[in-house]
Asks: 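Can you read through this structure? Questions will come right after.
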Amino acid sequence: MRALSGIDLTVRQGEFLVIVGLSGSGKSTLLRCLNRLIDPSEGRIWIFGEEITATEGADLRVMRAAVAMIFQQFNLVKRQTVTSNVLAGALGRSPLLPSLFLRFSEEETAKAQAFLERVGLGDRGSSRADALSGGEQQRVAIARALMQKPRLVLADEPVASLDPALRHSVMRHIEALNRQEGMTVLCTLHDIDLIERYATRVVALREGRLVYEGEPTSFDAVTFRQIYGDDAVMAGSAVD
Amino acid sequence: METSAELQRQQRSPWRHRMRQIQAFVIDLLLLTLFLLMVEFLLVAFSGRRGPTGLLVTPEEVLDLLHYGWAVAGGALLALLWGLVSNVLGTSPGRALVLGVPEREGHLAWTQTMRGWFSALLIELTIFTGWLITEVQLVTFLTQFSKAADIVRGLVHPSSTVLHQGLVLLVQTIFLAFMATAFAIPIAFCLSFLAARNLTRDSFGLRLAYTVVRAGMNFTRAVEPLVWALIFISWVGIGPFAGVLALWVHSVAALIKLYSEQVENIDHGPVDAITATGASWLQVLRYGVVPQVIPPFLSFTIYRWDINVRMSTIIGFVGGGGIGYILKPRVDLGLWGEVGTLVLLIAATVWCMDILSAKIRERIV
């Protein structure tokens with residue numbers, strides 16, 4: 001049993017690539033291999049021309065800093081303030097000792113505040129992270145990603161834990177990373193309307209293999225059934 | 001034969017699978033050896049060859065390695081036999097523990113499997129054997145209370161003569177326990193992260209640190225605080241400081257264990273998120289782990305202080321300061337009224353600390 005096999009995928013800079021597939025099809029594993037939260041047992045991965053699968057130690061941390069990640073469960077540090085959570089995005093480039101005492105330069109602190117304002121949470125900086133709603137927490141996570149100044153953003157089902165009504169508000173912020181900042185985005189999604197609205201290209205995984213690659217506009221009911229199986233029903237927000 | 005998860009593991013790493021099979025066999029061997037020894041012990045006991053109640057195994061018998069060698073050989077033979085006819089008897093207990101229960105037996109109640117009956121029998125035998133080895137005498141316990149009545153009468157009629165001295169030493173006891181706990185916190189805090197499996201997988205150095213810290217902790221914990229007290233009394237002399245040191249060493253080990261279990265139970269989401277920002281191991285610790293474990297750490301520390309207050313009484317028996325220091329001679333002389341006073345003082349303190357620590361834990365968790 002392999003979580004992934006035979007994946008040969010090239011992502012161009014500036015793409016908004018959406019990865020679809022059933023739960024357990026290997027989407028999360030694929031994203032987590034890209035920043036080495038999971039070590040692939042075989043195979044090689046290049047990011048911006050450097051092979052991340054052959055990098056270790058401090059070099060690996062430098063490469064990771066250029067790849068931000070957004071999670072389904074937000075993964076904020078719940079008992080810290082919102083500002084601290086955003087500043088955590090700067091850890092990769094901050095001096096060790098001050099960072100262990102939660103001290104960051106004024107420049108970084110000002111940046112963190114600016115990013116919080118950008119996601120519409122400028123006045124929540126001193127709240128504890130777990131005092132925020134789900135949608136707000138995910139926006140804090142986006143601010144943390146911005147803080148990293150990444151060139152690549154990995155978003156692992158960023159809206160799956162959110163109220164359907166809030167999905168677009170979060171997706172629009174992720175879209176802004178792509179369109180305004182020129183960051184490449186790899187995002188896993190389930191909803192067909194979100195895919196059509198945000199993706200520039202779609203790939204699909206089934207049982208760890210790449211089974212579809214194409215434009216979001218050609219991603220129709222037939223391909224949908226191929227990927228999700230005959231029992232799946234295509235609906236606006238269904239299929240989890 | 002095995003569960004599907006086990007089959008996957010087997011394919012991934014045949015060497016590790018071999019190790020697990022050996023582990024399963026060793027467990028079977030030990031259980032069956034134990035079974036043989038207890039059956040033998042009970043047969044000998046009830047054959048009446050060794051007097052009415054006392055069926056103590058003599059030291060010579062304990063050291064009779066040849067005898068145990070035969071038992072182990074018998075156990076190994078039975079374990080092998082069980083392995084060979086496992087399609088008739090069902091999975092052996094060791095294999096069920098280490099390799100998991102195969103799917104075709106998964107739905108069976110324990111009464112329908114051989115290992116279920118075997119385990120039940122083993123538990124029964126253990127209780128019988130324990131009864132004989134510890135020389136339980138139910139009749140004496142139920143009929144001879146009057147011999148202890150003096151002591152109990154004294155305990156419930158406390159005398160006021162030692163009240164003043166007792167109160168002074170009680171204060172010393174509480175501070176002794178407090179200092180031991182306070183000194184233990186920073187060391188236990190730093191080492192607990194190295195004693196947590198989930199944070200020490202990534203490099204050889206961390207895995208080594210894990211093994212060293214765990215081994216040191218278990219050794220320290222295995223040595224009784226009383227023994228530590230004797231060591232430190234020789235080192236720094238009789239008095240409360242020796243008691244502080246004895247409880248400190250024990251508390252460090254105990255807190256590492258409690259803390260590291262909390263570290264192993266954290267939510268890994270924030271750890272992943274902080275790792276993904278390119279943070280180093282220490283930064284991941286500071287941002288992803290520490291904020292999650294502070295409340296349980298506080299609560300366990302207060303609990304530990306509570307334990308130390310109780311333990312310091314015993315430490316005082318051997319000269320480690322605190323209220324135990326004046327309790328011991330009164331026990332020896334049979335001054336039960338005064339003993340009663342001191343015991344009541346300790347009980348009241350422990351009770352107060354229990355209420356206090358419950359309240360604080362309620363607040364911070």
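Residue numbers begin at 1 in each chain, while the letters A, B, ... track the order of the sequences.
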Asks: Strictly below 4.0 Å, N to O, side chains only: are A/K27 and A/D156 in salt-bridge contact?
Replies: no
Asks: Evaluate B/R214 against B/N218 for side chain to side chain donor-acceptor pair (under 3.5 Å), listing each step before the verdict.
Replies: CA-CA 6 Å; B/R214 280 264 151 185; B/N218 282 325; 5.6 Å; no
Asks: Do you know which of A/Q80, A/M69, A/M147 has the most heavy-atom pairs with chain B at a distance under 4.5 angstrom?
Replies: A/Q80
Asks: Sort B/I274 into side chain, backbone, both or neither according to what part of it lies under 4.5 angstrom from a heavy atom of chain A.
Replies: side chain
Asks: Is A/E108 salt-bridged to A/R93, cutoff N-O under 4.0 Å?
Replies: yes
Asks: Under a 4.5 Å cutoff for heavy-atom pairs, which residue among A/L100, A/V77, A/N35 has the most contacts with chain B?
Replies: A/L100
Asks: When heavy-atom pairs shorter than 4.5 Å are enumerated against chain B, which of A/L96, A/V67, A/D39 gives the highest number?
Replies: A/L96
Asks: Going by the salt bridge (Lys or Arg N to Asp or Glu O under 4.0 Å) test, name the single residue among A/R64, A/R32, A/R36 that passes it with B/D272.
Replies: A/R32
Asks: Heavy-atom distance under 4.5 Å to chain B: side chain of A/R144, backbone, both or neither?
Replies: side chain
Asks: Is chain B contacted by the side chain of A/L76, its backbone, both, or neither, given a heavy-atom distance below 4.5 Å?
Replies: backbone
Asks: Where on A/A88 is there a heavy atom nearer than 4.5 Å to chain B: the side chain, the backbone, both, or neither?
Replies: both
Asks: Under 4.5 Å from any heavy atom of chain B, what part of A/L60 do you find: side chain, backbone, both or neither?
Replies: neither
Asks: Please classify the contact of A/Q73 with chain B as side chain, backbone, both or neither, using a heavy-atom distance under 4.5 Å.
Replies: neither
Asks: Look at A/R172 together with A/E175 and state whether they make a salt bridge at an N to O cut-off of under 4.0 Å.
Replies: no
Asks: For the interface with chain B, which of A/G92, A/A141, A/S99 has the highest count of heavy-atom pairs at distances below 4.5 Å?
Replies: A/S99
Asks: Got a sec: does the CZ of B/R16 have more than 12 other heavy atoms crowding it under 6.0 Å?
Replies: no
Asks: Is any side-chain heavy atom of A/L205 closer than 4.5 Å to a side-chain heavy atom of A/I7?
Replies: yes
